[in-house]
Amino acid sequence: MTGHKRLTQNDIAKLAGVSQATVSLVLNGAPTALARIPAETRDRVQAVIRTTGYVADPIARRMAKGLNRILGVFTYEPAFPSAQADFFTPFLLGIEEEAQQQSYDLLLLTSAGVGNNRKIFSENNRLRIADGCLVLGREFDRKELARLVAEDYPFVAIGRRDDAGGPVPYVGGDYAAGTRQLVEKAVSLGHSKLAYVGPEGPAESIADRWRGFASALGEGAELALHVDAVNRPADEILEGILSSGATVAFFIELADAVRVEALARERGLSVPRDFSMIVLGSHIRAGRSPVRFTSYEIPREEMGRQATAMLVNRIETGSLGSQILLTCEPVAGETLGPCPSDPAKKRQSTKWM
């Protein structure tokens, strides 16, 4: 045999002195079929496979059995640039760990578009090489999600997703419950006027945070300020908080909280002495700021693990999957304190320093 010709099952059969059908059964057969092949014959075929380094053609294996033991991983945003590392890395660690446990390989689908313009069903996609696919992203393409639901192809979303022509199987974080718990904690410390920095949607993860926040308003808590966007100028956000009378501000994005806290410090204000700050979700690179913000832990690695286990179950049993939300445990941090006894007076004396 030359090293330039792809080995076939017929080649393996000739080397092992068996039929091609026997080789196919050894590679792809169910346990009941394999039981009919003498152990000595199976061992001989497997020895030739090991010696030659034969790798079954994935398309042929799909035709024969339908399983390549490959899981696709599709991300709507680039997974590895430093700007996305905080978001994707823990998910990928959990996915890799569970795939290894389940004896599956991973196929990162990177030919489905450039930059942020990625499509699952692009012209060059290799989705069908994998037995199923894990889908990640801050926002999904709704049309593609509906197509995945409609087609007979196993997939699991990481992160809660609204129905798309049918239920979407997913494993996500319970951001609504986690956010509500932090609001209730702030209220228990005497805060009654709250600020919220971030939009209400449209992504499900953003909508869930707003839903949890809004559900806790009412008895003893009112919305004093809503900045309905992220990445607004820090001075604009800080002035809004000070002028609204809010004593605690909730931030969707850590970057906004870092900038506002730094500006407040420059002006002589102290967090949480003068006002409190809460970030709705944990972030990996706490080194961006010396401040440990009060927040909650997003179980990203566990989401990756459980989503992978669910996908394998869908592939191997034909199940429809389920919808799982994991608890986001609170992180005490150092930016939530009791409501100031006279916040307006303190702010007036430090506002223009």
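Worth knowing before you read on, the calculation uses all heavy atoms, side chains too, and leaves out hydrogens, waters and symmetry mates.
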Intermediate values then yes/no, side-chain contact (heavy atoms from CB on, under 4.5 Å), Val331 and Thr294: CA-CA 6 Å; Val331 176; Thr294 299; over 6 Å; no
Worked verdict on Glu144 versus Arg147 for salt bridge (Lys or Arg N to Asp or Glu O under 4.0 Å): CA-CA 5 Å; Glu144 291 201 323; Arg147 181 172 171 183; over 6 Å; no
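- Put simply, Ile158 and Leu93 are part of two different groups of oily side chains (I, L, V, M, F, W, Y) that touch within less than 4.5 Å, one to the next.
- A heavy-atom distance below 4.5 Å is found between the side chains of Leu182 and Tyr296.
- Formation of a donor-acceptor pair under 3.5 Å by the Arg42 side chain with backbone atoms of Ile37 is found in this model.
- The backbone N or O of Val18 sits nowhere less than 3.5 Å from a side-chain atom of Thr22 that would complete a donor-acceptor pair.
- Applying the ring pair (Phe, Tyr, Trp, His ring centres under 6.0 Å) test to residues at least two apart or on different chains, the pairs with a partner in residues 235-273 are Phe213-Phe250.
- Nearest heavy atoms, Leu109 versus Cys133: CD1-SG, 3.9 Å.
- In this structure, Leu145 and Phe155 have side chains that are in contact, with non-hydrogen atoms separated by less than 4.5 Å.
- A distance-only check finds a donor-acceptor pair linking the side chain of Asp141 to the backbone of Lys143 [under 3.5 Å].
- A side chain to side chain contact (heavy atoms under 4.5 Å, CB included) with Tyr104 holds for exactly one of Thr308, Ile70, Asp131; it is Asp131.
- For the residue pair Arg314/Ser319, the side-chain donor-acceptor check at 3.5 Å is not satisfied.
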Verdict with supporting geometry, Phe293 and Ile278, side-chain contact (heavy atoms from CB on, under 4.5 Å): CA-CA 6 Å; Phe293 287 92; Ile278 294 174; over 6 Å; no
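- In this structure the side chain of Ile315 never reaches within 4.5 angstrom of the side chain of Arg69, judged on heavy atoms.
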Check against side-chain contact (heavy atoms from CB on, under 4.5 Å), Asn231 and Glu253: CA-CA 8 Å; Asn231 202 32; Glu253 288 291 343; over 6 Å; no
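- Looking only at side-chain heavy atoms (C-beta outward), Val183 and Arg180 stay at 4.5 Å or farther from each other.
- You'll find the side chain of Met277 stays beyond 4.5 Å of the side chain of Pro272, heavy atoms only.
- Residues Ile252 and Val197 fail the side-chain proximity criterion, which asks for heavy atoms closer than 4.5 Å.
- Atom-to-atom distance recorded for Leu136:CG and Met303:CE is 8.5 Å, nearest 0.5 angstrom.
- Side-chain N or O atoms of His191 include none that pairs as donor or acceptor with a backbone N or O of Ala221 at under 3.5 Å.
- Closest approach of Arg232 to Ile237, counting heavy atoms only: O-CD1, 3.7 Å.
- Between Val23 and Lys14, every side-chain heavy-atom pair lies at or beyond the 4.5 Å cut-off.
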Stepwise side-chain contact (heavy atoms from CB on, under 4.5 Å) check, Asp235 with Arg267: CA-CA 11 Å; Asp235 58 345; Arg267 294 190 176 184; 4.1 Å; yes
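- Contact between Tyr175 and Cys328 at its shortest, heavy atoms only, is CD2-SG, 3.9 Å.
- Here CD of Gln306 is found 12.5 Å from CG of Asn313. Values are rounded to the nearest 0.5 Å.
- Here Leu71 contributes atom CG and Leu107 contributes atom CG; the two are 9.5 Å apart, rounded to the nearest 0.5 Å.
- Within the 3.5 Å criterion, the main-chain N or O of Ser205 finds a donor-acceptor partner in the side chain of Arg209.
- Hydrophobic clustering, with ILVMFWY side chains joined whenever heavy atoms are under 4.5 angstrom apart, keeps Leu325 apart from Val168.
- Contact of the Pro340 side chain with the Phe275 side chain is not registered, since no non-hydrogen atoms from C-beta on lie closer than 4.5 Å.
- Without hydrogens or angle criteria, Thr179 side chain to Ala176 main chain gives no donor-acceptor distance under 3.5 Å.
- Going from atom CG of Leu148 over to atom CZ of Arg161 covers 12.0 Å, rounded to the nearest 0.5 Å.
- In this structure, Glu329 CD and Ile298 CD1 are separated by 13.0 Å, a value rounded to the nearest 0.5 Å.
- Glu222 places no side-chain N or O within 3.5 Å of a backbone atom of Leu217 that could act as its donor or acceptor partner.
- Note that CD of Glu261 is 8.5 Å distant from OG1 of Thr335, once rounded to the nearest 0.5 Å.
- One hydrophobic cluster, built from ILVMFWY side chains closer than 4.5 Å, holds both Leu225 and Leu263.
- Using modelled atom types, one finds no donor on one side chain facing an acceptor on the other under 3.5 Å when comparing Glu96 with Gln100.
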Chi angles and distances behind the side chain to side chain donor-acceptor pair (under 3.5 Å) call for Tyr170, Ser322: CA-CA 7 Å; Tyr170 63 72; Ser322 56; over 6 Å; no
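- When all heavy atoms of Val230 and Pro199 are compared, the pair lying nearest together is CG1-CD, 3.8 Å.
- Considering every non-hydrogen atom in both Leu280 and Ser295, the closest pair reads C-OG, 4.4 Å.
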Pair Glu334-Arg292, salt bridge (Lys or Arg N to Asp or Glu O under 4.0 Å): steps then yes or no: CA-CA 6 Å; Glu334 57 187 14; Arg292 293 182 295 111; 3.4 Å; yes
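- Nearest approach of Val171 to Met310, heavy atoms of both residues: CG2-CE, 3.7 Å.
- By the ring pair (Phe, Tyr, Trp, His ring centres under 6.0 Å) test, Phe91 pairs with Phe87, sequence neighbours left out.
- Under a 4.0 Å N-O distance rule, the pair Asp208/Arg211 qualifies as a salt bridge.
- Looking at Gln101 and Glu97, their side chains never bring a donor and an acceptor atom within 3.5 Å of each other.
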